[in-house]
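All residue numbers in this chain count up from 1 along the given sequence.
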Amino acid sequence: MKMGFEYIKGHLCCDGIRIDGVAEKIGTPFYLYSKEAIVGNFTSYKEAFSEVSPLICYAAKANANIAIFKLLAKLGSGCDVCSQGELFLAKRGGIPSKKIVFNGNGKTEADIKMAIKEKVFLIIADSIDELFLIDSIAKEKINVGIRINPGIEPKTHPYVATGLEKSKFGITMASLNNAISIIRKMENINFICLSFHIGSQITELSPFVESAKKLVSFAKEIGEIKYIDIGGGLGIPYNNENFPGISSFAKEIVPIVKDFKLIIEPGRSIVGNSACLVTRVLYLKETKAKRFIIVDAAMNDLIRPALYNSFHRILPGELREQEEIVADIVGPICEDGDFLARERKINQASLSDILCIMDAGTYSFSMSSNYNGRARCPEVMVIDKKPCVIRKRETFKDLIRNQLIPDGL
């Protein structure tokens, strides 16, 4: 079986089936996932880190479709969740409680109560105040870890850098001894883990290595720590960059953490390259200043270019001999910030052509919205060479599902 996305006889395919054929059945826009790519990426983690048999907890925030949870659960995955909703979805998708880690820097009392009720494996506390709250809520010993902010520059976009001293996440190294002395006096906390998560889309391994060495050194001083949680954040190439792979990551990390049980929380590196956003060309427009390719997908479907100025490759559904032009690929939303690419070199498109915005498996559908009254698009996964809808296209009824008109209006 063909894995992932490639051209076969001039047509872009997903796991061996033509994407333009799926578009005719489903209608555009829609997200299309390669089951085989997800399986391959997760398996790469299992094999690369096999020496230490890690608990691999897929980061739910990357993409929280329950079909993806179900697929990963069958492969042995756990889950990293940051809210009651993500915990609910992970459980609904078949992730066992004993493999769920509850993270987040602003857990509410309700969050902690649900985590305890569902008997998640581990709660990672983000502050000293949270430790007191957990201890007051718990009625018996529960597994707790501490997220440490190592104060390390992860060399990524500032919005997704989470391990800097100015970041809102974690307990600083300077405050750690105080936190340890407090936690040891708590009756309902079984302190077993030190954790870090330094950011997302990290392009170099040195920040991981430096953070892991800090944590392991401190864990050996403490004595009771069983688990080291190195978070996630390994980047993927969006524009053919030369990034370190999963095997290189493991070769650097395994020798450092081998004396502890390891938890990893990958998200983007499991699902990022597994999907594309499929869209159709509506109009072509040319002004004195620019050329525009107007498509039926928009920033409500994929906000990453507008939010982070993120780059996504855009590939035609069918390869044809066409003039290369420079154009903005834009959507129908009433915002000049509604773009999927700006000043992009691309082959001239024709009306009704299929275009595929690649590497859109992470923080893409999960950040979509109903802005401009647009129904969110469906999600489809290719399973055994068949396109299977894993989320229906929303309807107008979905737009008003939770809205009310009170008496008197």
Side-chain angles (χ1 to χ4, degrees), residues 55 57 78 80-84 86-87 97-152 154 161-199 208 210-233 256-257 259-265:
L55 173 57
C57 291
D80 155 40
V81 304
C82 294
S83 69
Q84 293 176 72
E86 287 186 349
L87 176 53
S97 292
K98 65 183 180 181
K99 291 185 177 183
I100 293 178
V101 174
F102 203 120
N103 265 297
N105 73 300
K107 300 182 196 70
T108 65
E109 185 173 331
D111 289 332
I112 294 168
K113 285 181 176 178
M114 183 174 178
I116 293 171
K117 180 182 178 182
E118 294 294 337
K119 298 182 179 180
V120 303
F121 169 64
L122 179 66
I123 299 175
I124 301 293
D126 196 81
S127 66
I128 292 175
D129 283 348
E130 185 186 327
L131 289 169
F132 281 112
L133 183 58
I134 294 170
D135 187 53
S136 69
I137 293 172
K139 303 301 182 185
E140 58 185 7
K141 287 275 188 181
I142 61 170
N143 292 338
V144 173
I146 292 178
R147 177 170 176 170
I148 295 174
N149 185 330
I152 287 174
T162 58
L164 301 170
E165 289 185 357
K166 64 182 181 180
S167 298
K168 68 178 183 177
F169 299 97
I171 295 171
T172 64
M173 297 296 292
S175 302
L176 191 52
N177 281 320
N178 183 42
I180 299 298
S181 64
I182 290 171
I183 203 171
R184 282 174 172 163
K185 297 174 184 177
M186 293 179 170
E187 294 183 357
N188 298 317
I189 286 181
N190 184 29
F191 178 42
I192 63 169
C193 178
L194 290 180
S195 170
F196 71 82
H197 181 90
I198 53 177
F208 287 112
E210 186 180 351
S211 298
K213 285 180 177 178
K214 280 188 176 184
L215 245 66
V216 166
S217 176
F218 202 89
K220 288 180 177 179
E221 290 180 22
I222 294 170
E224 64 257 52
I225 298 301
K226 297 178 181 178
Y227 289 86
I228 295 293
D229 183 343
I230 64 171
I256 301 171
V257 303
D259 294 329
F260 297 86
K261 295 178 180 180
L262 178 64
I263 300 172
I264 321 172
E265 299 166 356

Report task. Report the residues that fulfil side-chain contact (heavy atoms from CB on, under 4.5 Å) with A219, sequence neighbours left out, ordered by chain and then residue number. Result -> L194, I225, I228, F260
Query - For F121, all residues meeting ring pair (Phe, Tyr, Trp, His ring centres under 6.0 Å), sequence neighbours excluded - result: Y227
Report task. Return the set of residues passing side-chain contact (heavy atoms from CB on, under 4.5 Å) with I116 (not counting sequence neighbours), or none when no residue passes. Result -> I112, I123, I137, A138, I142
Requested in this report: Would you please test L122 and L55 for side-chain contact (heavy atoms from CB on, under 4.5 Å) and show each step?
Outcome: CA-CA 12 Å; L122 179 66; L55 173 57; over 6 Å; no
Query - Pair listing, salt bridge (charged side-chain N to carboxylate O under 4.0 Å, His left out) test, anchored in residues 103-114, at least two apart - result: K107-E130, E109-K113
**Report entry** Heavy-atom donor-acceptor pair, N188 side chain to D135 backbone, under 3.5 Å
**Finding:** yes
Query raised in the report: Between C82 and G104, which heavy-atom pair has the shortest distance, and what is it?
Result: SG-N, 4.4 Å
Query raised in the report: Ignoring hydrogens and geometry, is there a side-chain-to-backbone donor-acceptor pair from N103 to I124 under 3.5 Å?
Result: no
**Report entry** H197 versus G199, closest heavy-atom pair with distance
**Finding:** NE2-O, 3.2 Å
Report summary line: Sorted by chain and number, sequence neighbours left out, side-chain contact (heavy atoms from CB on, under 4.5 Å) with K98 holds for P96
Query raised in the report: Mind checking what makes side-chain hydrogen bond (donor to acceptor under 3.5 Å, both in side chains) contact with E118, not counting sequence neighbours?
Result: none
Report summary line: All heavy atoms of I148 vs all of L176, minimum pair found to be CD1-CD2, 3.3 Å
**Report entry** Interatomic distance, I230 atom CD1 to S195 atom OG [nearest 0.5 angstrom]
**Finding:** 10.0 Å
Query raised in the report: If you round to the nearest 0.5 Å, how far is OG of S97 from NZ of K117?
Result: 11.5 Å
Report summary line: Shortest non-hydrogen pair, A125 vs I134, comes out as CB-CD1, 4.1 Å
Query raised in the report: Is R147 reaching over with its side chain to a backbone N or O of F169, donor-acceptor style, under 3.5 angstrom?
Result: no
**Report entry** Any residue meeting ring pair (Phe, Tyr, Trp, His ring centres under 6.0 Å) with F218, in chain and number order, not counting sequence neighbours
**Finding:** none
Report summary line: Looking only at heavy atoms, the pair that brings L131 and A179 closest together is CD1-O, 4.5 Å
Query - Rounded distance (nearest 0.5 Å) linking atom CD1 of I146 with atom CD1 of I182 - result: 9.0 Å
Query raised in the report: If you take all heavy atoms of F102 and A115, which pair is closest and at what distance?
Result: CD1-CB, 3.6 Å
Report summary line: For S136, the side-chain hydrogen bond (donor to acceptor under 3.5 Å, both in side chains) test, sequence neighbours excluded, returns none
Requested in this report: Could you name each residue pair satisfying side-chain hydrogen bond (donor to acceptor under 3.5 Å, both in side chains) that touches residues 173-184, not counting sequence neighbours?
Outcome: T172-S175, R184-E224
Query raised in the report: Which residue pairs pass the salt bridge (charged side-chain N to carboxylate O under 4.0 Å, His left out) test when at least one of the two sits in residues 137-146, sequence neighbours left out?
Result: none
Requested in this report: Identify, with sequence neighbours excluded, every residue that meets side-chain hydrogen bond (donor to acceptor under 3.5 Å, both in side chains) alongside N143.
Outcome: N190
Query raised in the report: Who passes salt bridge (charged side-chain N to carboxylate O under 4.0 Å, His left out) against D80, sequence neighbours left out?
Result: K61
